[in-house]
Amino acid sequence: MKIATWNVNSIRTRKDQVWQWLQTNEIDILCLQETKVIDKDFPRSGFEELGYNIYIYGQKAYNGVAIFSKTPLDAVHFGFSDILNTEPSQNFDEQKRVLTGIINGIAIVNLYVPNGSSIDSDKYNYKLNWLNHLKDYLKLLLTQTEKICICGDFNIALEDIDIHNPKGRENHIMASDAERQALQSILELGFKDGFRKFTPEGGHFSWWDYRQASFRRNTGWRIDTHYLTLPLHEVASSSIIDKTPRTWEQPSDHTPVILTVEMP
DNA sequence: ATGGCCGTAACCTACGGA
C-alpha cells in the first residue's frame, strides 16, 4: 500500500498537476494539505474518475486537508474534537488542519501543522499549543489502534541534516528547540520516521522557498514526512521524495513524499 | 536589508506562508 503526502498550496491551482501525478504513480492513499478551498468548491470530479473516494475538510482561503483513497475508508474523523472530547484551552478546529481516516485497522492521520510565522509571534505559541493538543489526540488514538501513520506538512525540521544550512536555526521558525522538542515528545509516544528508515543521510528535502531560486540551488528543508508506530514501521518497504512535480511549471513549493508499506 | 515569490481575497494592496 502506497501512502503519499503532498502540500499542494491550493488544490484549485494545482488540480491538473495532482491529477497528472496520480496518473503516473500508483497511489492508494493521498493526503493533501493547504487545499485552501471550502468543501463545496473542492474539485472532486477528475479525481473521482480516477477511482478515488474523496474526503475533505476545508475552509476559505487558508489551511484545509483532504484524503483520497482508492478503497473507501472505514471511518473518518474531522478535526481534533471529532474524537477528542477534552476541552482544549482554545478551539483548535477553527483552522482545518486534521483529518483522520481508518482503513484495515490502520489510522491515517493527515496533518497540516501550523507554520508559526516567527519565534517571537503569537502564532509561534499557537503552534506549540497545537502540537501539545495533537499529542493528547494521538494518545487517545493509540488506545484504539496500535497501527498509526501520521503524515503531512509538519513545518518542523527535526534534525540539522533536514536543513540545507542549519546555521542560525535556533532562532528560525521550523527549527527552534521548542518546536523540535514538542515534536520529539509526540514521537516518544512510539513513532518513527518512515523516510529515515531507508535514507539516513542529509541533503534530502521536501520544500523549497519560491524565492532565491531555492529549488535550482537545492536550498531546501525536509518538513513533510510519515511517522509510523512500530508495527507499521516494521513493514515499511520504501519511502521516497518525488522531486518531479517541483520541476513543473507553476508548482507547489512542496513536493510529494511516498511511503510503501507491505500489508499482510 | 525583516525583502525576495506565490495564492487568496478583493481590490490595485494585505495577509499568510516557511
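In what follows, chains are A, B, ... by sequence order, proteins preceding strands, each numbered from 1.
In this structure, the side chains of A:Ser69 and A:Tyr52 stay at 4.5 Å or more apart for every pair of heavy atoms.
Remark on DNA chain B: of its neighbouring residues A:Asn7 and A:Pro251, the 5'-side contact belongs to A:Pro251, judged by nearest-heavy-atom nucleotide. In terms of position along DNA chain B, the nucleotide closest to A:Thr35 lies nearer the 5' end than the nucleotide closest to the other residue of the pair A:Thr35 and A:Ile223.
When the side-chain nitrogen and oxygen atoms of A:Arg97 are compared with OP1 and OP2 of B:dG17, one or more of them lie within a distance under 4.0 Å. Of the side-chain N and O atoms in A:Gln250, none sit less than 4.0 angstrom from OP1 or OP2 of B:dC5. Applying the 4.0 Å criterion to OP1 and OP2 of B:dG17, one finds that A:His254 has every side-chain N and O outside that range. At the phosphate of B:dT8, OP1 or OP2 sits under 4.0 Å from a side-chain N or O atom of A:Thr13. The phosphate of B:dG17 (OP1 or OP2) has no side-chain N or O of A:Tyr124 nearer than 4.0 angstrom. Contact between the side-chain N/O atoms of A:Asn115 and the OP1/OP2 oxygens of B:dG16 is not found at any separation under 4.0 Å.
For A:Asp41 (side chain) and A:Val37 (main-chain N/O), no donor-acceptor pair under 3.5 Å exists by modelled atom type. In this structure, the side chain of A:Ser206 does not engage the main chain of A:Thr255 through any donor-acceptor pair within 3.5 Å. For A:Thr199 (side chain) and A:Arg196 (main-chain N/O), no donor-acceptor pair under 3.5 Å exists by modelled atom type.
When rounded to the nearest whole Å, the span between CE of A:Met174 and P of B:dG16 equals 17 Å. When the P atom of B:dG7 is taken as reference, atom CG of A:Asn63 falls 17 Å away, rounded to whole Å. Atom CG of A:Asp122 and atom P of B:dG17 are 13 Å apart (whole Å). Atom-to-atom, CD of A:Gln33 to C1' of B:dG17 comes out at 14 Å; the value is rounded to the nearest Å. Atom CH2 in A:Trp221 sits about 8 Å away from atom C1' in B:dA18, given to the nearest Å. When the C1' atom of B:dA18 is taken as reference, atom CD1 of A:Ile119 falls 14 Å away, rounded to whole Å. Between A:Leu183 atom CG and B:dA18 atom C1' the separation is 16 Å, expressed in whole Å. The OH-P distance, from A:Tyr62 to B:dA18, rounds to 13 Å in whole Å.
Across all strands, A:Phe154 comes closer than 4.0 Å to no nucleic acid atom at all (heavy-atom distances). As judged by a 4.0 angstrom heavy-atom cut-off over every strand, A:Asp224 is placed among residues making no nucleic acid contact.
Across the C1' atoms, B:dT13 and B:dA1 are found 22 Å apart, a figure rounded to whole Å. Remark: the separation of the C1' atoms in B:dA14 and B:dA10 is 10 Å, to the nearest Å. Separation of the P atoms belonging to B:dA9 and B:dG3 is 24 Å when rounded to the nearest angstrom. The same atom, P, is picked in B:dT2 and in B:dG7; the two are 25 Å apart, to the nearest Å.
Taking the centre and axis of the six-membered ring of A:Tyr62, the NZ or CZ atom of A:Lys36 falls outside the cone set by 45° and 6.0 Å.
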Sub-3.5 Å pairs of nitrogen or oxygen atoms, protein against nucleotides 9-12 of chain B:
from	atom 1	to	atom 2	distance (Å)
B:dA9	OP1	A:Ala61	N	3.4

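Each of B:dG16, B:dT8, B:dC5 was ranked by its minimum atom distance to the side chain of A:Arg211; first place goes to B:dC5.
Taking a cutoff of 4.0 Å between a charged side-chain nitrogen and a carboxylate oxygen, A:Glu26 and A:Lys2 do not qualify as a salt bridge.
Using a 3.5 Å distance cut-off with no hydrogens or angles, the side chains of A:Asn9 and A:Ser252 do not pair a donor with an acceptor. If you check the side chains of A:Thr35 and A:Tyr57, you find no donor sitting under 3.5 Å from an acceptor.
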